[in-house]
Amino acid sequence: MDNNPYAFLVSGNNPVPVSDPQSLGLPPDADVRSTIRLTTARRPADTPLARVIAPRSAERWSHKAPSPFWIHDGPSGSPWCSVHPAAPGTYDVHAADGTPLARITRRAGRLLPWPRRVRWSAQFTGAPQTFTGKEGTWYGWLVYVVTAPVWFLFALCALLYAFFDGTTDDYTFGRPVRTRWRTQGTGTALDYRGVNKVYRFDPQRLDPRVAYALAVLQNRQRRSRS
């Protein structure tokens, strides 16, 4: 990839065992659990930007029981970085040679005593700047709160209809999740848009390894709530 901005998504797939994982410094039960792909990639057979590898024992990830994962370059298959839980809501990103690269922190959202949004931060090792992104724009949350009673009634009616009709469609109304990571003095480095689940990324402003780690963690967190 060059240094021009591009869009990517985190795509889950059926677990695929890694060939000879121990030679790559991976657990013996390592599987490719998801891939990071350009939005322009049309076919599943197209080579991804990166592959996300995790132990098979971590099939059901949660923020209370997180597990490490590794990101390997898609075209070459070489190790790129690893992400390890350090504390609740905290993850350390290491380069392929084990050098500490950054620390990612997730601060949970809350309603009381005053509302606050979920915040993701990436602090680079030995660097003063921190990239921070909050889930949901203020106007997105305003619309969500104002229309919540209407959506609640819609979901209730749909649930009753599904009970009598026997359908299993999901009629839930998701919370605002658009997240824009910025640091002081620069524009947006990474922008997640929840409607189409796409990340717009500027590699001149943020290390791709950290950007991919943020995307995978946010994707896992979102899936663990579903």
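Residues take their numbers from the sequence shown, with the count starting at 1. The structure displayed is predicted, hence computed values, not measured ones. The figures that follow rest on heavy atoms only: side chains count, while hydrogens, waters and symmetry mates do not.
A heavy-atom distance below 4.5 Å is found between the side chains of F69 and L217. With a 4.5 Å cut-off on side-chain heavy atoms, I36 and P48 do not count as touching. Proximity of P85 to P68: side-chain heavy atoms (C-beta onward) are separated by under 4.5 Å at one or more points. By the 4.5 Å heavy-atom criterion applied to side chains, W80 and P208 are counted as neighbours. The shortest side-chain heavy-atom distance between L9 and K197 does not fall under the 4.5 Å cut-off. Side-chain atoms of L101 and H94, non-hydrogen and from C-beta on, never get closer than 4.5 Å to each other. In this structure, the side chains of Y199 and L214 stay at 4.5 Å or more apart for every pair of heavy atoms. For the pair P27/R56, no side-chain contact is recorded, criterion being any heavy-atom separation below 4.5 Å from C-beta on.
A chain of hydrophobic side-chain contacts below 4.5 Å, direct or via other Ile, Leu, Val, Met, Phe, Trp or Tyr residues, connects Y91 to L190. No continuous path of ILVMFWY side-chain contacts below 4.5 Å connects V32 to L49, so the two sit in separate hydrophobic clusters. Both V52 and L38 belong to a common hydrophobic cluster when Ile, Leu, Val, Met, Phe, Trp and Tyr are linked at side-chain heavy-atom distances under 4.5 angstrom. Transitive grouping of hydrophobic side chains (ILVMFWY, heavy atoms separated by less than 4.5 Å) keeps I53 and I71 in distinct clusters. Both V83 and F124 belong to a single network of hydrophobic side chains, linked directly or stepwise wherever heavy atoms of I, L, V, M, F, W or Y lie under 4.5 Å apart.
Across R117, R180, Q218, a single residue satisfies side chain to side chain donor-acceptor pair (under 3.5 Å) together with E135, and that is Q218. None of R200, R178, R205, R182 except one satisfies the salt bridge (charged side-chain N to carboxylate O under 4.0 Å, His left out) rule with D191; the exception is R178. The side-chain contact (heavy atoms from CB on, under 4.5 Å) test with W120 is passed by exactly one of K134, Q221, R107: Q221.
The two residues A96 and P79 have their closest heavy-atom pair at CB-O, 3.5 Å. Between A211 and L206 the shortest heavy-atom distance is CB-CD2, 3.8 Å. Residues A30 and L26 come closest through the heavy atom pair CB-CB, 4.0 Å. Looking at every heavy atom in both residues, P15 comes nearest to P17 through O-CD, 4.0 Å. Heavy atoms only, all atoms of each residue included: T179 and G133 are closest at CG2-C, 3.7 Å. Across A86 and D92, no two heavy atoms sit closer than the pair CB-OD2, 3.5 Å.
H84 and W70 have their aromatic ring centers within a separation under 6.0 angstrom.
More than 12 heavy atoms of other residues, nucleotides or ligands sit less than 6.0 Å from atom CG of D20.
Under a 3.5 Å cut-off, the side chain of R209 and the backbone N or O of S82 do not form any donor-acceptor pair. D202 contributes a side-chain N or O that, together with a main-chain N or O of Q204, makes up a donor-acceptor pair within less than 3.5 Å. Under a 3.5 Å cut-off, the side chain of R37 and the backbone N or O of D46 do form a donor-acceptor pair.
Note that SG of C81 is 8.5 Å distant from NE2 of H72, once rounded to the nearest 0.5 Å. Atom-to-atom distance recorded for T35:OG1 and R51:CZ is 8.0 Å, nearest 0.5 angstrom. A distance of 5.0 Å separates OG1 in T186 from CZ in F131, rounded to the nearest 0.5 Å.
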Steps toward side chain to side chain donor-acceptor pair (under 3.5 Å) verdict (T130, Q123): CA-CA 5 Å; T130 300; Q123 172 71 56; 2.3 Å; yes
